[in-house]
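What follows is a short report on a single structure.
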Amino acid sequence: MNYKGTRDATITTTAAQAIVQGISKDGGLFVPETLPSYSYADLVAMKDMQYTERAARVLSDFLPEFSAEEIKECVSAAYAAEKFSGGHPAPVVSVRNGDTTMNVLELWHGPTCAFKDMALQLLPHLLTHSLKKTKCDKTAVILVATSGDTGKAALEGFKDVENTKILVFYPENGVSPMQKRQMNTQEGENVSVCAIEGNFDDAQTGVKRIFVDPAVNEKLNQNGMLFSSANSINWGRLLPQIVYYFSAYCDLMAKGILTQEGEKINLVVPTGNFGNILAGYYAMKMGLPVNKLICASNSNNVLTEFLNTGVYDRNRAFHATISPSMDILISSNLERLLYDVTGHDAGKVAGWMQELNTTGRYQVDDETFAKLKAVFCGAYCDDETTKATIKEVFQGAGYLCDTHTAVAVNAYEQYLAKTGDKATQTVVVSTASPYKFADAVLSAVSDSYDSGKSEFEKVEELAQETKTEIPAPIAGLEQKQVRFQNRCKKENMSDVLLQMVHLK
């Protein structure tokens, strides 16, 4: 299987090179030329597999240069029991709230308590193998922009990995206190962290600009380094996310919840950069029986508007919300979706991306919009509704969810109110532990909330109030030493990067 660039039809590369490179030199993203096809018999065969076996099965169809032994080695190391609590990296929990039952796919049992661990515990293994396969003897500089969870998960995944350096930029006032502390206490000799004065879109735009800057790339090349990415612009980040949608379906089969051949499910996904829901779309294209992909957004509702109108317009107010990992107005992975629904029309996609870059908006044609509407629907809610949903689900179902999962639950409730579709089994993707956003979650469920308490006092109070357990990675964070307190203007990111890799 080869990989193509979304903006230039002439670009073709291998899976290993796509993972090493991260992003095409023209700013486009790498996508597989074709998608493998899975039958119902394949799903039945996967039903009784362990998660690592399911992951190996899916990855083998996308990584032809990797041997079966190499893939097994990668997934076994990534999803080892000591890294993921509870014995299953991605369990499905049935939650009944009133007369509605949701199947909640919990993706936050890894070392940083967020869904990014599902990919970023695996990506370092894929990258190190890919460097060898491409006969690259350079040090990979992993450049990351984060809205909160990717940064810590990438730092944890790549810490002290041989022949890599990882540099993370995050918006200074755009992540939760717990996310900030997770990043700034990160251990490892090859890691660096810097806050920027701006929002996530500023960080992401700056990182993309650095990736294609000839002068910066030449300086790295002269010093035995090259760029790669741990953001979901890297296919090696997106690929592992396809696995957990297949795994969730297989678990529902194993539990006897899905009993009919070809029985469809809805997927409700909180997303900002569109990678998490795009993985669900790819799973559907591969044969996973999916009815609707419900895209859940917060007040930064650019995706909701796009899916409802066909107009993508980032020219709007940016909101710093209690679900900061979704505080994004430029959703990079939407480009991959457009490439697919236009029949791999790289010229059309490049035109829309150019419009977005120059005017801040674009509108897809009627045919493309019709294809999107057939599969996707979008919904959003503000912070107050998010808190109300957290309280409602906790009081009604005894289930505590974080601020991002609550957005997804509310989006599902809006979908039900609009369609009445209670017959279709629905998987709600839960992307983070509530303890990563203890302040907001506590304020939603407690009648005696005190904003003046410290973050760790709020963590303790949340545990007492809800009779839930503090995840070990959060509990141990208070004693860790703060290592990074760097900050810069968004215009100076290139200079900071060169300083952090000791080239300036």
Side-chain angles (χ1 to χ4, degrees), residues 6 29 31 147 201 232 238 241 245 264-285 288 290-319 321 323 325-343 345 348-349 352-353 355-356 359-382 385-386 404-421 424 426-429 431:
T6 52
L29 308 182
V31 291
S147 54
D201 289 326
S232 56
L238 190 60
Q241 296 179 257
Y245 292 106
K264 292 187 175 184
I265 61 173
N266 294 320
L267 297 176
V268 190
V269 188
T271 188
N273 220 16
F274 209 75
N276 205 10
I277 197 167
L278 179 66
Y281 172 79
Y282 281 138
M284 182 198 74
K285 292 276 290 186
L288 192 72
V290 174
N291 175 49
K292 280 289 184 181
L293 287 157
I294 302 165
C295 180
S297 301
N298 60 21
S299 295
N300 296 293
N301 60 346
V302 64
L303 286 169
T304 305
E305 181 180 284
F306 173 71
L307 294 172
N308 289 332
T309 67
V311 176
Y312 194 98
D313 189 350
R314 65 174 172 82
N315 300 309
R316 64 185 67 216
F318 179 90
H319 300 281
T321 74
S323 46
S325 296
M326 299 157 66
D327 289 349
I328 297 170
L329 293 179
I330 304 174
S331 302
S332 291
N333 274 292
L334 193 59
E335 180 172 342
R336 282 187 167 114
L337 175 65
L338 294 175
Y339 182 80
D340 189 84
V341 297
T342 58
D345 190 333
K348 186 176 285 187
V349 172
W352 287 330
M353 294 305 104
E355 282 187 63
L356 181 64
T359 71
R361 74 186 300 278
Y362 61 88
Q363 180 170 0
V364 298
D365 57 83
D366 291 344
E367 182 181 0
T368 300
F369 182 52
K371 290 180 180 178
L372 293 172
K373 289 290 286 182
V375 178
F376 289 89
C377 60
Y380 77 97
C381 65
D382 61 17
T385 306
T386 301
H404 303 76
T405 307
V407 171
V409 172
N410 185 265
Y412 179 48
E413 291 173 347
Q414 291 182 53
Y415 170 80
L416 287 178
K418 184 177 180 180
T419 66
D421 177 23
T424 305
T426 296
V427 172
V428 175
V429 178
T431 55

For the pair [X] (side chain) and [Y] (backbone), establish whether a donor and an acceptor sit closer than 3.5 Å, ignoring hydrogens and angles.
X: Thr342; Y: Tyr339; value: yes
X: Asn300; Y: Asp327; value: no
X: Thr386; Y: Ala406; value: no
X: Tyr412; Y: Ile294; value: no

Can you tell me how the ring of Phe274 sits relative to the ring of Phe376, calling it parallel under 30°, perpendicular over 60° and tilted otherwise?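 Plane angle between 30° and 60°, so tilted.
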How about [X] and [Y]: do any of their side-chain heavy atoms sit closer than 4.5 Å?
X: Met284; Y: Val375; value: yes
X: Val302; Y: Asp313; value: no
X: Asn276; Y: Tyr245; value: yes
X: Val407; Y: Ser297; value: no

Does atom CG of Asn315 have more than 12 heavy-atom neighbours from other groups under 6.0 Å away?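 Counting other residues, nucleotides and ligands, CG of Asn315 exceeds 12 neighbours.
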More than 12 heavy atoms from other groups under 6.0 Å of OH on Tyr380: no
Between Asp382, Thr321, Thr304, which is the residue that forms a side chain to side chain donor-acceptor pair (under 3.5 Å) with Asn298?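 One option only clears the test, and that one is Thr321.
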Under 4.0 Å between a side-chain nitrogen and a carboxylate oxygen: does that hold for Arg314 and Asp201?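 Salt bridge absent between Arg314 and Asp201.
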Ion pair present between Asp365 and Lys348, side-chain N to carboxylate O less than 4.0 angstrom?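 Result for this pair is yes, salt bridge flagged.
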Please report the C-alpha distance between Asn333 and Ser232 in whole Å, then the side-chain angles of each, then the deciding distance to 0.1 Å, and finally whether the side chain to side chain donor-acceptor pair (under 3.5 Å) criterion is met. CA-CA 7 Å; Asn333 274 292; Ser232 56; 2.7 Å; yes
Roughly how far, to the nearest 0.5 Å, is CG of Asn291 from OG1 of Thr424? 4.5 Å
